[in-house]
S.K.: 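What follows is a structure written as C-alpha cells; I'll ask about it next.
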Amino acid sequence: MADIAPRAQIIGGCCGASPEHIRAVVSSCSDIPFLPAAPKNYTAISSYGKTVLFGGKTVIIGERINPTGKPRLKQALREGDMEFLCREGLAQTESGAQILDVNTGLPGIDEAAVLSRAVRELQSVTDAPLQIDTASAAAAERALRLYNGKPLLNSVNGKKESLDTILPLAKKYGAAVVALTLDDNGIPETAQGRIRIAETIIAGAAKYGIPKKDIIVDALTMTISTNGENAKITLEAVEYVRRKLGVHTILGVSNISFGLPERQRVNAAFFTLAMKYGLSAGIVNPQDASIMDAFYAYGALSGEDANCGEYIARFSAVNPAITSVNDTANLYDAITRGLKEQAAKAAENMLISVQPLEIINKHLVPALDRTGKDYESEKIFLPQLLMSAEAAKAAFAAIKSHMAKQGEAQEKRGKIVLATVKGDIHDIGKNIVKVLLENYNFDVIDLGKNVEPSLVVETVIKENAYLAGLSALMTTTVVYMEETIKLLKAKAPACRVMVGGAVLTQSYADKIGADFYSKDAMGSVRYAGEFFTSPQYRK
Ligand code: B12
C-alpha cells in the first residue's frame with residue numbers, strides 16, 4: 001500500500017543470531033533515524049500472512065464453526081476432533097469465506113481450552129483471519145494470546161461488566177471488537193435505541209484508547225417471523241452507524257429467517273438489502289449457494305465488481321464447479337478439492353453412462369494420485385488430504401451402491417480373507433478390491449485396516465480360507481505385509497496370498513513371497529477366478 005513506508009523500521013535477529021551479530025547490526029544502524037509508524041485509518045483484521053480490509057465489498061465471515069444447531073460439530077467439540085473443525089474451516093474458505101468465526105461454547109466443556117486449541121489448529125491449516133467468538137473473557141484471553149495476527153473479537157456489549165472486562169482485553173491484544181447493541185435492558189426495539197448503545201460502546205472504547213476504526217457494530221438481526229418490523233429496525237441502525245457514525249457494521253444474517261420455511265431465500269434477500277444499507281461484514285454460511293449468489297449479484301449490480309468480472313468468473317462455463325452447491329462438479333475436481341457432496345453427486349451422474357470400473361480407474365484413482373503428489377510436495381496438508389479421502393469415499397459409496405443394485409445373488413465362488421496390513425490405515429483401495437470381489441460373487445471376510453499378522457492367520461485357519469488379500473500403501477508398512485506372508489506360509493501353507501497397494505511392485509511382491517501381485521483391483525478378481533477353479537484348490 002502506498003502509505004506504508006518502504007523502509008525497515010525494526011531490525012533484529014532470530015535464534016541463530018549471536019550477541020556479536022546483534023551488536024554489529026545495532027552499531028551499523030545507529031545513525032538511521034527511527035520513524036515511528038504513522039497511524040492509519042484502516043479497519044483491518046489479519047492472520048499471520050493475510051489481511052482483510054473492511055470498507056470495500058462486504059466481507060464474508062464463515063459462520064459454520066459455531067455449535068448452535070449443529071449436532072456433528074457439537075460431537076466434534078466434545079471429542080476434541082479438531083480435524084473436523086479444520087475441514088469445516090477449509091471448506092468455508094474454499095467457498096469464499098475471508099474470515100472464519102470460531103465459537104466453541106458448549107455446556108460441559110472447558111471452553112477456554114477448546115477455543116485455544118481450535119484457534120491453534122485452524123491457524124496452522126488456513127491463513128484466513130479468525131473471529132474469536134466467545135462470551136467468556138477467560139476463553140477470549142487465552143485465544144487472543146496465542147493468535148497470530150490482529151484478530152476480531154466477538155464480542156463486547158453495552159453492559160457495564162462486558163465493557164469493563166472485554167475492552168481492556170481488546171486493547172491489550174490489539175484486537176478489533178464486535179459491539180453488540182444490547183445492554184442491561186436487553187435489545188432495544190428501535191433503531192435509535194440500538195444506535196445509542198453503539199455510541200456508548202464507542203465512547204467506552206475510546207476511554208481505553210481503542211479507536212473507532214477498531215469497533216464493528218452489530219445492530220443484531222432478529223427474526224421477522226415474530227415482528228414484521230425487525231428487518232427494518234436492524235437495517236436502519238446499520239445505515240446510521242455506517243453512514244452517520246462512520247463506524248463499520250457486521251450482522252449475523254441467518255437469524256432473520258428463524259421459524260420460516262425455505263430460510264435461504266429470506267437470508268439471501270436480507271443479505272442483499274443489508275449490503276445496500278452499508279453492511280461492512282456478513283456472518284453467513286458461504287456454502288449456501290443462495291447467499292453467495294446474492295453476494296456476487298450485488299457486487300455486479302452495485303458496480304463494486306468492476307466489469308462484473310467476479311460474477312462472470314463464478315458463473316461462466318469455465319468454472320462450473322462452484323456455481324452452486326447443488327450443481328455437479330466433475331469427479332476429479334471434487335475429489336482433489338475435497339468436496340464430499342459434489343463428489344458423490346458427480347459419481348452418481350457419471351454412473352448413468354460410464355462403467356463403475358472406468359470411473360474408479362480413470363477418475364477416482366488419478367484424483368487421489370494428484371492429491372498424494374500435492375501432499376508430498378507440501379502444496380496441501382493433512383486436513384486437505386483427509387478432505388480428499390472423504391470425498392473419494394463418498395464417490396465410492398455411490399459406485400458401490402450402484403454395483404450392489406446390479407449384482408445378482410449367485411452361489412459363492414470361494415472364501416477370501418482381506419486386510420490392510422498392520423500400521424496402515426489406508427483402506428480405500430482395499431475396499432475397492434472387496435467390492436469388486438463381492439460383485440463377482442466371492443465370499444469376502446474383511447478384517448479392515450491396521451490388522452495384526454496373527455489375526456490374518458487366525459482368521460484364515462478358523463474360516464478355512466484358501467486365499468488371502470493384503471493391501472499396503474506405505475514403505476513403512478510393507479514390512480508387515482512380509483511378516484504376515486511369512487506367518488501365513490508357516491501356519492497355513494495351503495493358503496495363497498495376493499497383494500496390492502500403491503507402493504508395491506511385482507519384484508517387491510516376489511521378494512516378500514506373495515503368490516500374486518496386481519496393480520489394480522480387477523487383478524484380484526482375475527486371480528481369484530483362476531485360483532478357485534484351479535486343481536490346486538480343493539473345496
Ligand atoms: C487417501 C490417502 C490418505 C487418507 C487415507 C484414507 C483411507 N481411509 O484410506 C489419509 C488422509 C487418512 C491418509 C493418511 C496418511 N497418509 Co496417506 N495417502 C492417501 C493417498 C492420497 C491416496 C491413497 C488411495 O486411497 N489411493 C486410491 C486407491 C484406490 O489406490 P490404492 O490403495 O493403491 O489401491 C488400488 C491398487 O493399488 C490396488 N490394490 C490396493 N490394495 C490391494 C490389495 C490387493 C490384494 C490387490 C490385488 C490390489 C490392491 O487396487 C486399488 C484399486 O485399483 C496416497 C497417495 C497415493 N497416490 O497413493 C497417500 C499416501 C499413501 N499417504 C502417505 C502418508 C505419508 C500418510 C500419513 C503417514 C500422513 C501423516 N503424516 O499422518 C498417514 C498414514 C497413517 C497410517 N498409519 O496409515 C504417503 C505414503 C508415503 C510412503 N511411500 O510411505 C502417500 C503415498 C502420500 C505421499 N505421496 O506422501 N492418507
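As the structure is a prediction and not an experimental result, all values here were calculated from the model. One-based numbering, in listed order, for ligands and for the atoms of each.
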S.K.: Does some side-chain heavy atom of Ile512 sit less than 4.5 Å from a side-chain heavy atom of Val478?
M.R.: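 No, too far: nothing below the 4.5 Å cut-off.
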S.K.: Which protein residues have a heavy atom under 4.0 Å from ligand 1?
M.R.: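 These residues qualify: Val365, Leu368, Asp369, Gly372, Tyr375, Glu376, Leu382, Leu385, Leu386, Ala389, Lys393, Gly423, Asp424, Ile425, His426, Asp427, Ile428, Gly429, Ile432, Val433, Gly469, Leu470, Ser471, Leu473, Met474, Thr475, Met498, Val499, Gly500, Gly501, Ala502, Val503, Ser518, Lys519, Asp520, Ala521, Ser524.
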S.K.: Output yes when Asp81 and Arg72 qualify as a salt bridge under the 4.0 Å nitrogen-oxygen rule, no when they do not.
M.R.: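 Looking at Asp81 and Arg72, the cut-off is met.
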S.K.: Filter on ring pair (Phe, Tyr, Trp, His ring centres under 6.0 Å), then keep only pairs touching residues 499-519, sequence neighbours left out; what's left?
M.R.: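 Qualifying pairs, neighbours excluded: Phe516-Tyr527.
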S.K.: Does the separation of the ring centres of Tyr173 and Tyr147 fall below 6.0 angstrom?
M.R.: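 When the ring centroids of Tyr173 and Tyr147 are compared, they turn out to be at least 6.0 Å apart.
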S.K.: Taking ring-ring contact (aromatic ring centres under 6.0 Å, His included) as the definition, give me every residue that meets it alongside Phe396, ordered by chain and number, with sequence neighbours left out.
M.R.: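 Per chain and number, Phe396 pairs via ring-ring contact (aromatic ring centres under 6.0 Å, His included) with no residue.
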S.K.: Mind checking ring-ring contact (aromatic ring centres under 6.0 Å, His included) for Tyr296 and listing every partner two or more places apart, or none if nothing turns up?
M.R.: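 Not a single residue meets the ring-ring contact (aromatic ring centres under 6.0 Å, His included) criterion with Tyr296.
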